[in-house]
Number of protein chains: 2
Amino acid sequence: METLYNAENERARCGACAIRHRAVCGALEREELAALSRISHQRSFAAGQVIMSDQDPVDFFANVISGVVKLTKTLPDGRQQIVGLQFAPDFLGRAFSPAHTYFAEAAGDVELCCFPRNSFEALLQSSPGLEHRLFEQALQELDAAREWMVVLGRKTAQEKIASFLCLIARRSLVAPCPRGAVSAQPTFELPVSRADMADFLGLTIETVSRQITRLRTKHLIRLCDHQHFMVPDLAALNELAGHDLPALH
Amino acid sequence: METLYNAENERARCGACAIRHRAVCGALEREELAALSRISHQRSFAAGQVIMSDQDPVDFFANVISGVVKLTKTLPDGRQQIVGLQFAPDFLGRAFSPAHTYFAEAAGDVELCCFPRNSFEALLQSSPGLEHRLFEQALQELDAAREWMVVLGRKTAQEKIASFLCLIARRSLVAPCPRGAVSAQPTFELPVSRADMADFLGLTIETVSRQITRLRTKHLIRLCDHQHFMVPDLAALNELAGHDLPALH
DNA sequence: CGACATGTTGAACCTCATCAACCGACGTGG
DNA sequence: CCACGTCGGTTGATGAGGTTCAACATGTCG
């Protein structure tokens, strides 16, 4: 399935890219895009696979085409914290420094569009628009990271879970309910395991599980299966999450 | 006092600036610097004063010349989280967006070098080096924010305090011990109150206080007074903080 | 001097982590 | 085919770490 897709894209690769206009490459002129097309190549990663490590220098950048990438940090004794989740069409990689301070792992199956570091940085030199776009994304990630610091530092387990579900409802695409039950409410897909949710929220798996069932018994969410949920009243969930604004980002 | 200082600087302002080469303006050419000098002006803020608010648009950027600025976010019910501490020569303000998602407040007395938003953004257009420098700082802030997410999500109160003290030991200048006791060990100054430490670490004031005394009874730190402390063995403190690396940033 | 702000200490309570058992889905191999 | 182990998720019982409420100490300012 991927091979067919790749073959399809082989000729006018970037032009046909689904995330093209939303991704950083949207900043590129026609001929710059052609240059990028020449140096880029797609790669697939299976769930759990390490994409970038903090151990050895990373020699490429990437755009997320599909799937979710988690950025993790680990303490010497093994405690782990997810410091970022990257969805399509986010850009992956730390500009100006091949050394990373975190891991990038595939949360589920992931498709990336990869660019060799050297070629990409050369392109970066010649295209101020591209650097500007990367800057913008970095600022957005900074905003998101700070937003999440509030979640980690000041919210209860219940609020953390609610915040996470709201985040998913904002960022993840609506998925059809696999049970086949037709419903008026949109159904969302949890792109990560319970363990990942715990690592993202600074909780344990058990607490995550308990708080989810608590939200369920409060009828603030409905579960189709372990990975799919519906939100009858998004405003109510938002309020429980402690969001004053109905929607941001 | 400020007026005298300002008058003094009126002629060769930026050239004589103490933080010039370390701040973002270090990226500027001679004549760009002259342009910046023309639009910049110093402002002082007393402890606790709001510098930028998330309520109304901010019409200026600034460099921190001295003092510490805290970036705070507040939940609807009043819970607060500090999402960043800016020291000299950090840059203050969100490029490309006059709307802020956080407050900037003076932690102690603060001196800023302010630039009107419009003029500065014009300068930004014409000087790619300046934008690059801002980008670099944004990436560093992002790294710092993510580093802090680990502290908030996964560390114990004790480790949080140790992490904070290590942060101060890295970033704050060494201060002479006000008690006058000459000592072989360097003395650091806590630039924020206990309440601010609590808001930065996701704790309560009481816990902060207790953990500090615990570190003191363990002889990992020594207190001159409430704002000044010494670290007999920085490596030990670092280890307690959960830093595998002796020093980063 | 008393009022106030900032910081410390004590006691009781509560949230969440820990340890453990259990459940269903899945794959494997006898 | 079913027993078996494994993996991801749920649920229960218990306890520790941190919050909460309260009192107290110290320093500053009117």
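To find a chain, count down the sequence lines: A is the first, B the second, and so on, and within it residues start at 1.
- B:S163 and B:H243 get closest at one heavy-atom pair: OG-NE2, 4.0 Å.
- Between the side chain of B:R210 and the base of D:dG17 there is no donor-acceptor pair of N/O atoms closer than 3.5 Å.
- Between A:H226 and C:dG24 there is no side-chain polar atom (N or O) within less than 4.0 angstrom of OP1 or OP2.
- Considering only side-chain atoms of B:S209, the nucleotide from C:dT9, D:dG18, C:dC16 that sits closest is C:dT9.
- B:I205 comes within 4.0 angstrom of no nucleic acid atom, judged by non-hydrogen atoms across all strands.
- When heavy atoms are screened at a 4.0 angstrom cut-off, B:G48 is found touching no nucleic acid atom at all.
- Summarising the geometry, the separation between CG on B:D196 and C1' on C:dT6 is reported as 12 Å, rounded to the nearest angstrom.
- B:Q158 comes within 4.0 angstrom of nothing in the nucleic acid, heavy atoms only.
- Comparing C:dG7, D:dT19, D:dT11 by their closest approach to the side chain of B:L203 singles out D:dT19.
- Rounded to a whole Å, the CZ atom of A:R214 is 15 Å from the C1' atom of D:dT11.
- Side-chain contact check for B:Q211 and B:Q158: at least one donor-acceptor pair (N or O, by modelled atom type) lies under 3.5 Å.
- Here C:dC16 is the nucleotide among C:dT8, C:dC16, D:dT10 with the atom lying nearest to any side-chain atom of A:T207.
- Rounded to whole Å, the distance from CG on A:D225 to P on D:dG8 is 16 Å.
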B:D199/B:K70 under salt bridge (Lys or Arg N to Asp or Glu O under 4.0 Å): CA gap, chis, key distance, verdict: CA-CA 10 Å; B:D199 283 346; B:K70 50 181 181 173; over 6 Å; no
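- Atom pair A:K155:NZ and D:dG18:P shows a separation of 21 Å (rounding to whole Å applied).
- Nearest-nucleotide positions on DNA chain D for A:R154 and A:A195 put A:A195 closer to the 5' end.
- Comparing C:dT8, D:dG18, D:dG9 against the side chain of B:T213 picks out C:dT8 as the nearest.
- As rounded to whole Å, 13 Å separates atom P of C:dC16 from atom CG of A:L152.
- Between the CD1 atom of B:I212 and the P atom of C:dT9 there is a distance of 10 Å, rounded to whole Å.
- Listed candidates were D:dG18, D:dT10, C:dG7. Nearest to the side chain of B:R194 is C:dG7.
- Rounded to whole Å, atom P of D:dG9 lies 14 Å from atom CZ of A:R216.
- Under a cut-off of 6.0 angstrom, the local environment of CD in B:Q227 is crowded, with over 12 non-hydrogen atoms contributed by other residues, nucleotides or ligands.
- Between A:F229 atom CZ and D:dG9 atom C1' there is a gap of 17 Å when expressed in whole angstrom units.
- For the OP1/OP2 pair of C:dG7 and a distance below 4.0 Å, the side-chain nitrogens and oxygens of B:Q227 include at least one atom meeting the criterion.
- Between B:Q211 and D:dG17, a side-chain N or O to OP1/OP2 separation shorter than 4.0 Å is absent.
- Under the 30°/60° scheme for interplanar angles, the aromatic rings of B:F164 and B:F200 are found to stand perpendicular.
- Comparing C:dG7, C:dT9, C:dA20 by their closest approach to the side chain of A:E206 singles out C:dA20.
- Among the heavy atoms of the strands lying under 4.0 Å from A:T204 is at least one base atom, whether or not backbone atoms are also near.
- Residue A:Q137 places its CD atom among more than 12 non-hydrogen atoms of other residues, nucleotides or ligands, all under 6.0 Å distant.
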